[in-house]
2 protein chains.
Amino acid sequence: MHFRKTTEYAIRVMVFLAENAGKRFSVNALNKTLDIPYKYLGRLMNQLAQKGLVEVTQGKYGGYLVNADRLSEIYLYQIVDAVEGLQDYDRCILGFPQCSDENPCALHHLWMEQREAIKNMLYSNSLADLLKNNFSRR
Amino acid sequence: MHFRKTTEYAIRVMVFLAENAGKRFSVNALNKTLDIPYKYLGRLMNQLAQKGLVEVTQGKYGGYLVNADRLSEIYLYQIVDAVEGLQDYDRCILGFPQCSDENPCALHHLWMEQREAIKNMLYSNSLADLLKNNFSRR
DNA sequence: TTTAATTACCACCTTTCGGTGGAATATACA
DNA sequence: TGTATATTCCACCGAAAGGTGGTAATTAAA
Ligand code: SF4
Ligand code: SF4
C-alpha cells in the first residue's frame, strides 16, 4: 500500500517548485537538491511539462518552474494522474464482477472508506493549500 | 496507490476460507472459484501456510483450511505482512532524512492521517470482524 | 557565429513482481 | 502395494517499473 516511486518523485518536485514558485530550475539543480536520479528526473520533468503542470524553457539558462498564480489551480490528484493515472482509485480490492454497494463483499465498506478518504485528500488539496498548511479534509 | 496484486489475492483467499471456515479446499478448487492463476496460487497458499495463517494437509484429499475458532485471531495486517511486509506503512512519502512530526514537510500531516487510518483499519479488523460486518474503525 | 548549458528524444539495461513448467514428495484408499 | 490426487520445491519466463547513456535540438550570450 504505497504510491509508486515515480509518483513520490513527482510530488517531491512539485512541492519544491511550489515552495520556490516563479523561480526556474534546471534538471541539474533539481537533481542536486532533491536526490532523484538525474536522467530519470529529466524524463519525469518532461512528462510534467507536457501535462501542463510546470512551465519549461529550453536552451541555455532554461529549466522548469511553476508560477505563483497557478498554485491554487494545481491539485494533488493532477500530479498523481500525470504519472500513474487515477484508475487504481476506482478499482476494487477483490475485483469480483458482481459486487456493488448493495451486494458488497466482507471488505467493501472498510475498503471504500479508506479509498474515498485518500481520493478526497487528493482532490481537495492544491499546492497553495499545502503551502498554507491549510489542509482541508472533508 | 494500491495493494500489490499478490496481497489482493491473499486477502481474497483468506476471506473465502473464513466464509467457509473449517472446510478444506485444494488449490484446484480455490483456483476455480477465486480466479487466481493455479500455479501462482499454489505458491501463495504455501506461503500462507508457512506463516501459520492457514492449516494445510498434504496428499490425496489434502488442501488448506482456516479453523472457525481462529477467525478472531487473524487480523488483516497479518495477511498483508505475510505477503508484502509492513515496511511501507512506516515509510514516508518524500523520504527526506531530516523530517519529523516537529519538522514536517508540506504534506506531512495530510499524509500521516491517511497512513494511520489505513494502518488502523488493518490492525483492528480480524477475519471474524469482517464476517460480522462489525467494522471497528478507531 | 561559435560555444556552453540546457531540454527532448530514443534505445537499452536492471530489478522486481507476477506467472509457468516440471519433477519430487506425501497421503488416502482401492 | 499401486494409483490417483494433493502439496512442495526449484528454476525459469515475461511484463512492468525504475534507471542509464548517447545524441540531437534549442537557446542565451560571449
Ligand atoms: S464488494 Fe466492494 S470491496 Fe468487495 S470485491 Fe466488490 S467492490 Fe471490491
Ligand atoms: S515531513 Fe513527513 S511526509 Fe514530509 S518527508 Fe518527512 S515524513 Fe515524509
Side-chain angles (χ1 to χ4, degrees), chain A residues 1-13 17 23-66 80-85 87-88 91 93-95, chain B residues 1-13 17 23-66 80-85 87-88 91 93-95:
Chain A
M1 196 62 192
H2 54 311
F3 285 112
R4 281 223 241 289
K5 215 165 183 187
T6 306
T7 307
E8 298 193 2
Y9 289 162
I11 295 176
R12 214 137 115 194
V13 170
L17 289 179
K23 286 187 208 149
R24 177 164 28 243
F25 295 88
S26 69
V27 173
N28 208 308
L30 293 173
N31 166 61
K32 277 173 187 150
T33 49
L34 293 178
D35 189 39
I36 301 172
Y38 178 71
K39 292 297 271 183
Y40 199 65
L41 178 56
R43 189 199 283 177
L44 174 60
M45 293 315 297
N46 186 258
Q47 251 182 273
L48 294 175
Q50 289 190 0
K51 299 275 182 174
L53 295 181
V54 295
E55 287 177 41
V56 58
T57 2
Q58 288 194 106
K60 196 170 183 181
Y61 301 110
Y64 303 88
L65 69 84
V66 44
V80 175
D81 189 30
V83 290
E84 71 172 25
Q87 312 85 6
D88 280 344
R91 184 169 137 268
I93 193 182
L94 302 186
Chain B
M1 196 64 190
H2 55 310
F3 285 113
R4 280 223 241 291
K5 215 165 183 187
T6 306
T7 307
E8 297 192 3
Y9 288 163
I11 295 176
R12 211 137 116 194
V13 170
L17 289 180
K23 286 187 207 151
R24 176 162 30 242
F25 295 87
S26 70
V27 172
N28 208 308
L30 293 173
N31 165 61
K32 276 172 189 152
T33 48
L34 294 177
D35 188 40
I36 302 172
Y38 177 71
K39 292 296 272 185
Y40 199 65
L41 179 56
R43 192 202 283 179
L44 175 59
M45 293 314 297
N46 187 259
Q47 250 182 274
L48 294 175
Q50 288 190 1
K51 298 276 182 175
L53 295 182
V54 295
E55 288 177 39
V56 58
T57 5
Q58 289 193 110
K60 196 173 183 179
Y61 301 111
Y64 303 89
L65 68 85
V66 44
V80 176
D81 189 31
V83 291
E84 71 173 26
Q87 313 86 5
D88 280 344
R91 182 170 139 267
I93 193 183
L94 302 185

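Values in this document were obtained by computation on a predicted structure and should not be read as measured data.
- The salt bridge (charged side-chain N to carboxylate O under 4.0 Å, His left out) check on B:D88 picks up B:R91, with sequence neighbours excluded.
- Pairs of residues two or more places apart, or lying in two chains, never qualify as ring-ring contact (aromatic ring centres under 6.0 Å, His included) while including a residue from residues 28-63 of chain B.
- Residues A:L34 and A:R12 share a closest heavy-atom pair of O-NH2, 3.1 Å.
- Across all non-hydrogen atoms, the minimal contact from B:L41 to B:V27 is CD2-O, 3.9 Å.
- Taking the 5' to 3' direction, DNA chain D first and last meets chain A under 4.0 angstrom from a heavy atom at D:dA17 to D:dA29.
- Within the model, atoms CG of A:D35 and CG of A:L30 stand 12.5 Å from one another, a figure rounded to the nearest 0.5 Å.
- Think of the region where chain B sits on DNA chain C: with heavy atoms and a 4.0 Å cut, that region ends 5' and 3' at C:dC17 to C:dC29.
- Summarising the geometry of A:Y9 relative to A:P37, their closest heavy-atom pair is OH-CD, 3.8 Å, with the distance given to 0.1 Å.
- Nearest-nucleotide assignment on DNA chain D puts the 5′-proximal partner with A:Y38, out of A:G59 and A:Y38.
- Atom CZ of B:F25 is separated from atom OG1 of B:T33 by 7.0 Å, given to the nearest 0.5 angstrom.
- When the nearest nucleotides of DNA chain D are assigned to A:Q58 and A:Y40 by heavy-atom distance, the more 5′-ward of the two goes with A:Y40.
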Quiz: residues 43-58 of chain B side-chain donor-acceptor pairs under 3.5 angstrom, not counting sequence neighbours:
residue : atom : partner : partner atom : Å
B:N46   : OD1  : B:Q50   : NE2          : 3.3
B:Q47   : NE2  : B:A82   : O            : 3.4
B:E55   : OE2  : B:N67   : ND2          : 2.5
B:T57   : OG1  : B:R24   : NH1          : 2.8

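- Between the NE2 atom of B:H2 and the CZ atom of A:R4 there is a distance of 5.5 Å, given to the nearest 0.5 Å.
- Taking a 4.0 Å limit (strictly below) on heavy-atom distances, residues 41-57 of chain A reaches DNA chain D at A:R43.
- Residue B:K5 is in sugar-phosphate contact alone, with no base atom involved, counting any heavy-atom pair closer than 4.0 Å across all strands shown.
- Nearest-nucleotide mapping onto DNA chain C: of B:Y61 and A:Y61, the residue sitting toward the 5' end is A:Y61.
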